[in-house]
Amino acid sequence: MREEVSAVSKMYNFTLWLLPHIGKFSRDHRFTLGNRIEEGALEALDLLTEASFTKDKLELLKKANIRLERLRFLMRLSKDLRQINLKQYEFAFRAIEEIGSEIGGWIKHVNRSVPVETN
């Protein structure tokens, strides 16, 4: 399925780009904001990877989507605190938007595939 491979791949590439940038955060922010961003990106990658290998994908995808939304705000905070520059923020924003779109498409596909229960 295109969405799952693409979402995992894009999340992996974004995380690969992100981790070295976090390492450049100032000492004041590296262990608070930096750790939270790092954990969030890795958790989103874990959730997407797990979703690609399990039958019950929907809950994992929803959690990954929420984690991605948190990352969006943390990256904005990083920009406002001048831990990343505007160009880096724009790159991160676009990457997060693309990943979110992929997850949204994957969720729609899963919802279409799940039979509706009737009582």
Going from [atom1] on [X] to [atom2] on [Y], what distance comes out if it is rounded to the nearest 0.5 angstrom?
| X | Y | atom1 | atom2 | answer |
| --- | --- | --- | --- | --- |
| Arg36 | Phe31 | CZ | CZ | 15.5 Å |
| Leu33 | Met75 | CG | CE | 8.5 Å |
| Ile37 | His21 | CD1 | NE2 | 12.0 Å |
| Glu50 | Glu43 | CD | CD | 10.5 Å |
| Leu18 | Leu45 | CG | CG | 11.5 Å |
| Leu61 | His109 | CG | NE2 | 10.5 Å |

Are [X] and [Y] in one and the same hydrophobic cluster, where Ile, Leu, Val, Met, Phe, Trp and Tyr link if side-chain heavy atoms are under 4.5 Å apart?
| X | Y | result |
| --- | --- | --- |
| Leu47 | Val8 | no |
| Leu86 | Phe93 | yes |
| Leu42 | Ile84 | no |

Is there side-chain contact between [X] and [Y], with at least one heavy-atom pair below 4.5 Å?
| X | Y | result |
| --- | --- | --- |
| Asn65 | Lys62 | no |
| Glu90 | Arg94 | yes |
| Thr49 | Tyr12 | no |
| Tyr89 | Ser78 | no |
| Gln88 | Trp17 | yes |
| Leu60 | Leu48 | no |

Show the nearest heavy-atom pair for residues [X] and [Y], with the distance to one decimal.
| X | Y | value |
| --- | --- | --- |
| Ala95 | Phe14 | CB-CD1, 3.6 Å |
| Ile96 | Leu68 | O-CD2, 3.6 Å |
| Arg30 | Gly23 | NE-O, 3.5 Å |

Determine whether a donor-acceptor pair (N or O, by modelled atom type, separation under 3.5 Å) exists between the side chain of [X] and the backbone of [Y].
| X | Y | value |
| --- | --- | --- |
| Lys10 | Ile99 | no |
| Arg67 | Ala44 | no |
| Gln83 | Leu81 | yes |
| Thr15 | Met11 | yes |

>> Applying the side chain to side chain contact (heavy atoms under 4.5 Å, CB included) criterion to Ile66, which one of Lys63, Glu69, Arg70 satisfies it?
In response: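 It is Arg70, the one option of Lys63, Glu69, Arg70 that forms the side chain to side chain contact (heavy atoms under 4.5 Å, CB included) with Ile66.
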>> Check this for me, if you would: do Glu97 and Arg72 make a salt bridge, where the nitrogen-to-carboxylate-oxygen distance has to be below 4.0 angstrom?
In response: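 The answer is yes: the pair qualifies as a salt bridge.
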